[in-house]
2 protein chains.
Amino acid sequence: MIKYNLSKEDQEFVANYNPGDYERPSVTTDILIFTVDIKEGLQLLMIKRKNPPFRDYWAIPGGFVDMNEDIDEGARRELFEETGVKDVHLEQLYTFGEVGRDPRMRVITIAYMALVPKALLKPIAGDDAADAQWMNIKFDHDGELYFENDHKAGVSMIAFDHQNIIKTAVERLRGKLEYTTIATNLLNNKEKFTIYELQKIHEGILGHGLNAANFRRYFLTTYIEKYKAEDTGVACTQFSKRPSHYYKLL
Amino acid sequence: MIKYNLSKEDQEFVANYNPGDYERPSVTTDILIFTVDIKEGLQLLMIKRKNPPFRDYWAIPGGFVDMNEDIDEGARRELFEETGVKDVHLEQLYTFGEVGRDPRMRVITIAYMALVPKALLKPIAGDDAADAQWMNIKFDHDGELYFENDHKAGVSMIAFDHQNIIKTAVERLRGKLEYTTIATNLLNNKEKFTIYELQKIHEGILGHGLNAANFRRYFLTTYIEKYKAEDTGVACTQFSKRPSHYYKLL
DNA sequence: GCAAAAGTGTTCTAGCTACACCCATGC
DNA sequence: GCATGGGTGTAGCTAGAACACTTTTGC
């Protein structure tokens with residue numbers, strides 16, 4: 001919410017302002033809720049549509065912008081409604097506003113991207129009746145992405161232009177891996193994590209494996225020196241037989 | 001414009017769809033029209049508001065989204081109306097949708113960024129009565145940006161939240177300099193330009209000078225090897241006494 | 001012993017930075 | 001001669017990729 005110190009003239013003008021009744025587009029915020037499962041890789045929360053259009057297709061959750069809330073707030077509310085989590089990384093992705101992208105009416109969609117640590121999420125009931133599912137995002141040999149859900153192998157049908165939105169999001173995510181510490185937002189515990197876990201998050205987002213020796217050095221320079229991560233000295237045997245160290249972010 | 005191959009069910013559903021009459025926000029596209037003047041550096045086209053609110057403040061040009069045009073199209077139309085140019089670089093920047101950012105009513109603004117070569121632009125009449133002006137974007141010693149127009153020194157007053165939008169745009173522009181060839185969109189002639197010109201464009205965007213020897217090598221590797229620029233062999237004496245070479249992009 | 005992650009060392013390359021220096025030209 | 005941009009050479013630093021190797025543990 002923005003408040004200006006308006007001049008007298010402006011205050012008066014605004015008080016008497018008549019917005020007119022021209023036609024306006026509908027505006028929605030859609031949230032791409034990503035997580036990385038250490039085994040499964042990158043996952044996206046999608047919803048199976050129960051009504052036309054695109055009945056039984058998978059779609060990104062979203063909802064209309066409320067007139068009295070900031071779009072960022074709306075996105076956060078949407079995220080909370082879907083997952084019950086609040087304090088996670090959320091950023092605006094891109095705005096999609098082509099005519100005809102919703103066959104019902106003119107809709108402009110402001111897409112947001114949320115990064116939710118796997119452990120914060122309550123599992124979704126595994127039956128086909130559930131409308132919300134974690135979709136595995138996979139990449140073929142050309143780097144093209146496709147979708148799998150746990151129950152049916154093969155490509156799932158994506159509603160509207162959401163395939164395109166997802167591609168945009170994955171590209172952004174991969175891009176930001178290189179020059180930010182965005183991946184840390186997917187750590188289950190920022191106060192207690194191993195290099196191995198962070199590597200798996202990177203690998204999940206990139207869609208391919210990384211050299212452990214080099215990733216280790218990358219972590220030590222980039223995170224420790226630049227972003228002040230710290231070795232806690234505490235041993236971890238969760239992922240290997242030989243104990244490793246837990247690190248924490250400051 | 002997107003067209004789907006809808007199922008029979010969907011076609012029928014859409015034909016009978018009633019959108020309801022809930023309240024919708026106004027949506028505008030604003031265009032940040034950047035150019036780089038080889039002498040002045042980075043410039044932005046701004047408009048002096050003639051009416052309240054923020055009368056006499058400077059604002060980014062923009063307009064309402066037409067119900068029958070894509071938002072990208074709308075932005076391009078807006079750009080054409082302001083400058084008369086069409087085939088220039090235009091990309092979506094970010095969407096601003098805080099409550100209260102326009103004191104009159106709820107407005108969601110999709111900001112676009114256009115890069116227009118200086119030579120394509122017809123000069124704006126230099127008198128104070130003109131409502132459109134090229135604002136010089138300058139940077140103080142802390143890297144903070146401020147605005148100058150040709151006539152009045154010092155900081156100009158910026159309407160709405162447009163100061164914030166401009167900052168976002170300049171950051172994006174600088175970021176993209178590093179990993180794209182976005183700067184070439186500001187060349188007056190992509191078929192005939194010198195390294196010096198391109199350097200001046202980079203410097204204008206960055207707000208500081210660059211080492212000519214290093215920029216030269218950067219150009220030769222990045223542009224020639226990766227993006228297939230080519231030495232035309234033609235001599236240029238526009239910028240220096242000693243002739244340099246014109247290059248062209250392929 | 002085997003497997004698998006943890007961790008160290010080395011080498012090669014590519015890119016950027018700083019800086020020194022010469023060249024060609026107009027004035 | 002001098003100023004200015006054009007252009008070359010070089011040395012140092014850093015990050016990344018590839019790869020070989022040892023270590024520590026559970027099984």
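Keep in mind that the numbers below use all heavy atoms, side chains included, and drop hydrogens, waters and symmetry copies.
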ask   = What is the distance from NE2 of B:His202 to P of C:dC16, rounded to the nearest Å?
value = 11 Å
inquiry  = Heavy atoms only, 4.0 Å cut-off, all strands: where does A:Ala212 land among base, sugar-phosphate and nothing?
reply    = nothing
request  = Provide, to the nearest angstrom, the distance between the CZ atom belonging to B:Phe219 and the P atom belonging to D:dG6.
outcome  = 12 Å
ask   = Among side-chain atoms of A:Ser244 and A:Thr194, is any donor-acceptor pair under 3.5 angstrom?
value = no
remark   = Taking D:dA17, D:dT8, C:dA5 as options, the one with an atom nearest any side-chain atom of A:Tyr196 is C:dA5
query = Taking for each residue the nucleotide of DNA chain C with the nearest heavy atom, is it A:Asn214 or A:Pro243 whose nucleotide lies nearer the 5' end?
reply = A:Pro243
task = Using a strict 4.0 Å threshold on nitrogen-to-oxygen distance, state whether B:Lys200 and B:Glu203 make a salt bridge.
result = yes
query = Does the cation-pi check pass for B:Arg174 over B:Phe139, that is, NZ or CZ under 6.0 Å from the six-membered ring centre and within 45° of its axis?
reply = yes
inquiry  = In whole Å, I'd like the distance from the CZ atom of A:Phe239 to the C1' atom of C:dA4.
reply    = 14 Å
request  = Measure from the side-chain heavy atoms of A:Tyr218 and tell me the nearest of C:dA20, D:dG16, D:dT24.
outcome  = D:dG16
request  = Can you tell me the distance, in whole Å, between the CG atom of A:Leu210 and the P atom of D:dA18?
outcome  = 10 Å
Residue whose closest nucleotide on DNA chain C lies nearer the 5' end, B:Asn211 versus B:Thr221 = B:Thr221
key: Whether B:Tyr218 and B:His202 hold their rings parallel, tilted or perpendicular, with breakpoints at 30° and 60°   = perpendicular
Residue A:Arg216, side-chain heavy atoms: nucleotide from D:dC19, C:dC19, C:dA6 that is nearest = C:dA6
remark   = From CG of A:Leu220 across to C1' of C:dA6 the rounded distance in Å is 12 Å
request  = Establish whether the base of D:dG9 is bridged to the side chain of B:Arg217 by a donor-acceptor pair shorter than 3.5 Å.
outcome  = yes
query = Is there a donor on the side chain of B:Arg242 or the base of C:dA24 sitting less than 3.5 Å from an acceptor on the other?
reply = no
Atom pair distance, as rounded to whole Å: OH in B:Tyr223 and P in C:dG15 = 15 Å
request  = Give the rounded distance in Å between these two atoms: CD of B:Glu178 and P of C:dG15.
outcome  = 15 Å
Donor + acceptor pair across side chains of A:Asn185, A:Lys190 (<3.5 Å) = yes
ask   = Rounded to whole angstrom units, what separation is found between the OH atom of B:Tyr246 and the P atom of D:dG7?
value = 12 Å
remark   = Taking for B:Thr194 and for A:Ser240 the nucleotide of DNA chain D with the nearest heavy atom, the one nearer the 5' end belongs to B:Thr194
Closest nucleotide among D:dG16, C:dA6, D:dG6 to the B:Ser244 side chain = D:dG6
